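If you're wondering where the values come from, they're calculated on a predicted model, not measured in any experiment. Side-chain atoms are counted along with the backbone in the values below, which use heavy atoms only and exclude waters and symmetry mates.
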Amino acid sequence: MSSHREIEEKWRSRWETSRVFEADPDPKKQKVFVTFPYPYMNGPLHVGHAFTATRVDVYARFRRMQGYNVLWPWGWHWTGQPLLGASQRVAKGDEAYIRVLREVDGVPEEELKRFVDPLYMAQYYTNEGRAIARRIGFSVDWRREFTTVWPTYQKFIEWQYANLREKGYVTKGTHPVVWCPKDKSPTGDHDRQIGEGVTPEEYVLIKYKLDEKTFLPAATFRPETIYGVTNMWINPDADYVEASVNGETWIVSGEAAEKLKEQERSVEVKRSFKGRELIGKTFENPLTHKRFPILPGWFVDAKTATGVVYSVPAHAPFDWLALRDLQQKPEVLQEFNVDVAMVQAIKPISLIKVEGYGDYPAVEIVVEMGIKDQHDSKADEATKALYKKEFHGGVLKENCGAYAGKSVREAKDTLILDFKQMGVADRMYDLPEPVVCRCMTPCIVKVLSDQWFLNYSDAQWKAQAKAVVAQMRICPESAKPWFYTVIDWLKEWACARTTGFGTPLPWGQGWIIETLSDSTVYMAFYTVNKHIRQNDIKPESLTREVFDYVFLGKNNPEELAKETGITADLLREMRAEFLYWYPLDLRNSAKELVPNHLTFCIFHHAALFPPEHWPRAMGVNGMLMIEGKQMHKSKGNFITMKGAVDKYGADATRCALLLGAEGMDDPDWRAENALDIQGKFESLLGFTGNILAGAKDPEVGPLERWLQSRLQRRIGEVTAALEELKTRTALQSALFDTWNDIRYYIQRKEKADSATLNEAVKVWLKLLAPFAPYLCEEAWSKTGDAGFISLAAWPQMDPAKVDVAAEEQENFIADVIEDTLNILRATKIAPKRVCFYVAVPWKQIIFRKILEKAVAGEAKIGEVMKALAADPMVKPHMKEAAALAPKVIKALTKLSGERKANLLQLKELDEKAILQSAVGFLKDRFNAEVSVFGEDDQDRYDPKNRAALAMSNQPAIFVE
RNA sequence: GCAGGGGUCGCCGAGCAUGGUCAAAGGCGUAGGCUUCAGGAGCCUAUCCUGUAGAGGUUCGUGGGUUCAAAUCCCACCCCCUGCACCA
């Protein structure tokens, strides 16, 4: 196996024997507590986990080197449904699935057999996961580890829910779900054969009266249109029933009657009949008590909602089209014995005023879009377009009773509420598209009753959650508004279910706590789990009162000791440990968890803990892509963490991931990049080794000062980036930019033996250590400095070492090289000789005068000339100065503000000396003889008279 | 549909908050040279177009606008990614 493996094993075992990542409270040190959402253990850790967790690890390592006491714990998520499902698929002998386990996850045959036990499966993946998390170099304190089915953890969850309930955040209610009648369980997206993403829609049922005791509940999304009803549509060929629904007599489709049974209603079908029986009868609008006819509508789908639809031809294209059809085809009406004249007299009733349309928008849009009849596919499109337009921009007209003058948008919700109160409206759920369960059974909507909810709708709770966000740092900052949006958007969340692994709801028989709801404040549990494990505290001792003491400071440890058998000292220690580590300093996850887990974490902290224990920062990052595509086991592009680390080594895997992206952008894993980094690291080890082993010349000249100065900037950049969790920026600066500086120094110096370089390499290794810890430990061991680099002091930026003069000197050389190369490129000369001519002193005065003006604001030519004329040195050369000044002004516009300020601040650069000192370097660079002259040197070689073109900061150049 | 994030020179990606310093960092790829050489790797140079002197031209999703000046600000449009609830 390659060398990275040996190095990794060596340092990992040294870290572990020295317990460098085990963190205990230390009052002398400031703490940093970082976490990563525990991964779900129905499969192996993959490179997506690696990406997110590496960001946490880099931050942990960075803070640790800065001298903080860093706690970075880890846990494993076992509660929930998928683990059971996975195990069952193995038990059933699902070939495709087993092949994935074998080939992608790399599960050995003898283990695979035991996966029929879901807990065994979880344990297997947990063991594998722990091993690879260690191998990739995560600096975790493993003493605090747990899985979510441990009884001690479940006691913690019980504590959490007892307190949440007491504070009124857990409520009971009903909830519609997509339901498989065969499995008798909710059918989540992942359990569906057909209909992914389909959710129940709530229809408003307007209870029109057929007669004094019989209702026709017509389904609609637009209850406000009740004011514009002109008739009812019934499909004459569909089956309808008369049924007793919660004691009332309803007429609905046969399908609807069945559906209503699952929606908390007692339904008793009295008789069945064809829709045509109703045609020609009349019904009463319950608001206006006017009566309207029931007409035949074949477009009415009995499978949708109640199969009863009311007609608003002014605003609904379908209604208008169907009505027009009938008006034009009296023979149809005659067949049903309907009074033709009466139908032909029906006029649309306008009730919504909307910009761009007159009284009858439906009529207009039908003409506008050239829709022929109700079978035209464009009719659907027109319906949607008009609905949207009227909802967003429509205002209810004066015929809309109490809602007249209000916008549709603002009136709708209150209107529904009012109608329900008046007994005019009811509701029904239905699916907008078919959903079929994996077991091939068509799904329905079921309203679950006695459901437990976390009441995220609670306005006060929302306000508290926002207060948490307000005091929190979000990385990147741009994600902060998203959290506020999510807090507003969240509503009641069903927090208990009946299947899967989980903690039983303390007060609810047969309910277990839903998994996203049991994983919200467990970071607190890490702080004390060390004691629970080390002292083998039994779950029954972990009463609510104990946790109330540990986390909230309630109760008396002496009394608790008597009741639970946990000593008072240990209880105090646990309390102290919690107080030391809390609050959480950083939680980082992928962005998909913002709308659920991370925001839940915020809500629950707000509910349970005082403000001083609210989380301080959260980081979110993108979703890892593989070679530009989403990673999926089924797509064959699934890369496990183990696979990557085996192939490329821990350091290269970490860095290839981090270089992919930062912020909320999705990083892309490319095998090519990982391979490249791996190669770079191999050569880096040799590169630094040679320098560290080489001679150490103590001389400190301009180049050494330059190197030190650049290094200060790199330290500043890396530190600032890491503080904001900009791991990509930080790594780029630490790896590539710093390396380039060092390479430049060596090239420019033409040797690599200075003590400064030696020190620079040490700083470099430290900057790199959080990212590539193994490599850096190995290289560090060659420095002669004792100890782990993982615990070495993070470099401090020293402003005194920032040397503007040294940097400007190199900038000057770089500019000269660029100009020269430009000339060579344009002339296509392969030079034998390159000559530079440095400007005479009075030109330098011109340069500085213009520079002063440019830095102050704007260099205007008139003012410049005035100032120049006043200078005794320049005065004799005014004619040349007049030609030179505009060129200098132009040249200066190309320099950054910072550089201009630096140049002004410096004494003049001795351009001639600088160039002369770099002759050897320039010679190599151009592969030619290099000479440096003063512009007016008597003995200069200047066959084309270029010297006179010299400007300050821009020597004249001659190549041949 | 709603919400959030994006579209930059072969690819990946900085930069856009505080307009000029932007033909636009860095990495990858590609080409040439050097070194080494079983293999690979390393180092240097070049990499939008044009140009016999340090220059000019055309670019930053599309179309408009503001400005002396726009990748950067404003408006409209197109496209991509993510999430949308009982599920981790």
Side-chain angles (χ1 to χ4, degrees), chain A residues 37 39-40 42 77 79-83 175-178 185-186 188-191 197 199 384 387-388 448 451-454 456 476-479 481-483 485-486 488-497 500 514-517 519 590-597 620 622-623 625 628 630 659-668 670 672-673 675-677 679-680 682-683 686-687 728-729 731-733 735-737 740 743 746-747 815-816 818-829 891-900 924-925 927 944 946 949 954-959:
Chain A
Y40 191 75
N42 63 341
H77 203 181
T79 43
Q81 191 88 263
L83 198 47
H175 187 65
V177 294
V178 178
S185 76
D189 255 2
H190 305 291
D191 300 324
T199 53
K384 281 182 185 145
Y387 175 79
K388 200 176 155 189
L448 296 178
Q451 188 42 267
W452 291 99
F453 293 96
L454 286 163
Y456 294 132
E477 195 66 34
S478 61
W482 193 9
F483 279 91
T485 325
V486 170
D488 279 330
W489 165 83
L490 274 174
K491 53 188 190 203
E492 292 82 0
W493 180 272
C495 64
R497 45 182 303 148
E514 182 272 332
T515 67
L516 277 183
S517 305
S519 54
K591 62 185 176 187
E592 57 174 356
L593 297 191
V594 171
N596 43 67
H597 169 73
V620 292
M623 304 275 293
M625 314 285 274
Q630 266 194 314
L659 285 171
E662 66 189 6
M664 283 196 279
D665 295 339
D666 299 331
D668 191 12
R670 307 227 161 189
E672 195 183 75
N673 291 355
L675 210 57
D676 185 71
I677 305 272
K680 274 200 160 38
E682 269 170 36
S683 75
F687 181 77
R728 206 193 88 94
T729 302
L731 179 53
Q732 177 177 315
S733 183
L735 179 58
F736 298 118
D737 297 345
N740 285 343
R743 267 199 288 240
I746 292 170
Q747 213 190 329
D815 288 349
V816 168
E818 197 190 311
D819 281 352
T820 311
L821 287 173
N822 196 6
I823 292 168
L824 294 175
R825 205 177 306 125
T827 58
K828 301 191 172 66
I829 293 173
L892 280 175
T893 61
K894 289 200 168 175
L895 294 181
S896 70
E898 193 193 354
R899 281 199 59 193
K900 275 186 270 203
D924 276 359
R925 187 72 178 70
N927 195 24
K944 289 263 172 85
R946 300 280 184 203
L949 296 171
Q954 194 171 311
I957 301 167
F958 170 69
V959 297

Given the [atom1] atoms of [N] and [M], what is the spacing between them in whole Å?
| N | M | atom1 | value |
| --- | --- | --- | --- |
| B:C80 | B:A17 | C1' | 24 Å |
| B:A55 | B:G42 | P | 35 Å |
| B:C78 | B:A88 | P | 38 Å |
| B:U47 | B:C2 | P | 47 Å |
| B:G4 | B:G57 | C1' | 40 Å |
| B:C44 | B:G27 | P | 10 Å |
| B:C81 | B:C12 | P | 15 Å |
| B:G1 | B:C77 | P | 12 Å |

Next item on the list: Enter the distance from A:Lys491:NZ to A:Leu454:CG here, rounded to the nearest 0.5 Å.
Entry: 14.5 Å
Notebook entry, point to check: Which distance, rounded to the nearest 0.5 Å, do you find between the CG of A:Leu516 and the NE2 of A:His597?
Noted result: 8.5 Å
Watson-Crick or G-U counterpart of [N], or none if no pair lies under 3.5 Å:
| N | value |
| --- | --- |
| B:U66 | none |
| B:G29 | B:U47 |
| B:G54 | none |
| B:G42 | B:C34 |
| B:U18 | none |
| B:G83 | B:C2 |

Tell me every residue that passes salt bridge (Lys or Arg N to Asp or Glu O under 4.0 Å) with [X], counting only those two or more places apart in sequence or in another chain.
| X | value |
| --- | --- |
| A:Glu898 | A:Arg713 |
| A:Asp666 | A:Lys591 |
| A:Lys680 | A:Asp676 |

Judged by atom type as modelled, is there a donor-acceptor pair below 3.5 Å linking the side chain of [X] to the main-chain atoms of [Y]?
| X | Y | value |
| --- | --- | --- |
| A:Glu492 | A:Phe453 | no |
| A:Tyr456 | A:Trp489 | no |
| A:Arg728 | A:Glu662 | no |

Going by the rule side-chain contact (heavy atoms from CB on, under 4.5 Å), which residues pair with [X] if we only count those two or more places apart in sequence or in a different chain?
| X | value |
| --- | --- |
| A:Asp668 | A:Met625, A:Arg670 |
| A:Ile746 | A:Phe687, A:Ile691, A:Ile742, A:Ala752, A:Leu757 |
| A:Thr515 | A:His77, A:Thr79 |
| A:Glu592 | A:Ala590, A:Met623 |

Check: Are A:Leu83 and A:Tyr40 close enough that some pair of their side-chain heavy atoms sits under 4.5 Å apart?
Finding: yes
Check: Under a 4.5 Å cut-off applied to non-hydrogen side-chain atoms, are A:Leu593 and A:Pro37 in contact?
Finding: yes
Notebook entry, point to check: Phosphate oxygens OP1/OP2 of B:G54: is one of them under 4.0 Å from a side-chain N or O of A:Thr820?
Noted result: no
Checklist line | A:Arg925 side-chain N/O to B:U45 phosphate OP1/OP2 under 4.0 Å | finding: yes
Note to self: Assuming nearest nucleotide by heavy-atom distance, tell me which of A:Pro39 and A:Gln747 is located more 5' along RNA chain B.
What the structure shows: A:Gln747
Checklist line | Residue closer to the 5' end of RNA chain B, A:Ala479 versus A:Phe453 (nearest nucleotide) | finding: A:Ala479
Checklist line | Given B:A3, B:G54, B:A53, the nucleotide with the shortest approach to the side chain of A:Thr827 | finding: B:A53
Roughly, in whole Å, what's the span from [atom1] in [X] to [atom2] in [N]?
| X | N | atom1 | atom2 | value |
| --- | --- | --- | --- | --- |
| A:Arg670 | B:C11 | CZ | C1' | 7 Å |
| A:Arg946 | B:G54 | CZ | C1' | 10 Å |
| A:Tyr387 | B:G1 | OH | P | 14 Å |
| A:Met664 | B:G5 | CE | P | 6 Å |

Remember a base hit wins even if backbone is also touched, and classify [X] as base, sugar-phosphate or nothing at under 4.0 Å, heavy atoms.
| X | answer |
| --- | --- |
| A:Phe687 | nothing |
| A:Val959 | base |
| A:Pro955 | base |
| A:Gln451 | nothing |
| A:His597 | nothing |
| A:Leu821 | sugar-phosphate |
| A:Gln954 | base |

Note to self: Tell me the closest heavy-atom pair linking A:Thr485 and A:Pro481, and the distance in Å.
What the structure shows: OG1-O, 2.7 Å
If you restrict it to nitrogen or oxygen atoms, what contacts under 3.5 Å exist between nucleotides 78-80 of chain B and the protein, and what is each distance?
none

Pick out the pairs of N or O atoms, protein on one side and nucleotides 82-85 of chain B on the other, that lie under 3.5 Å.
from: B:U82; atom 1: OP1; to: A:Gln630; atom 2: OE1; distance (Å): 3.0
from: B:U82; atom 1: OP1; to: A:Gln630; atom 2: NE2; distance (Å): 2.6
from: B:A85; atom 1: N1; to: A:Lys491; atom 2: N; distance (Å): 3.3

Notebook entry, point to check: Hey, is the side chain of A:Asn822 pairing donor to acceptor with the base of B:G54 inside 3.5 Å?
Noted result: no
Notebook entry, point to check: Judged by modelled atom types alone, do A:Glu514 and A:Ser517 share a side-chain donor-acceptor pair under 3.5 Å?
Noted result: yes
Check: Which nucleotides of nucleotides 14-29 of chain B have their base under 4.0 Å from a protein heavy atom (B), which only their sugar-phosphate (S), and which neither (-), written as one string 5' to 3'?
Finding: S------B---BSSS-
Next item on the list: Return the set of residues passing side-chain hydrogen bond (donor to acceptor under 3.5 Å, both in side chains) with A:Asn740 (not counting sequence neighbours), or none when no residue passes.
Entry: A:Arg743
For nucleotides 30-38 of chain B, which of its nitrogen or oxygen atoms have a protein nitrogen or oxygen under 3.5 Å away, and what is each distance?
none

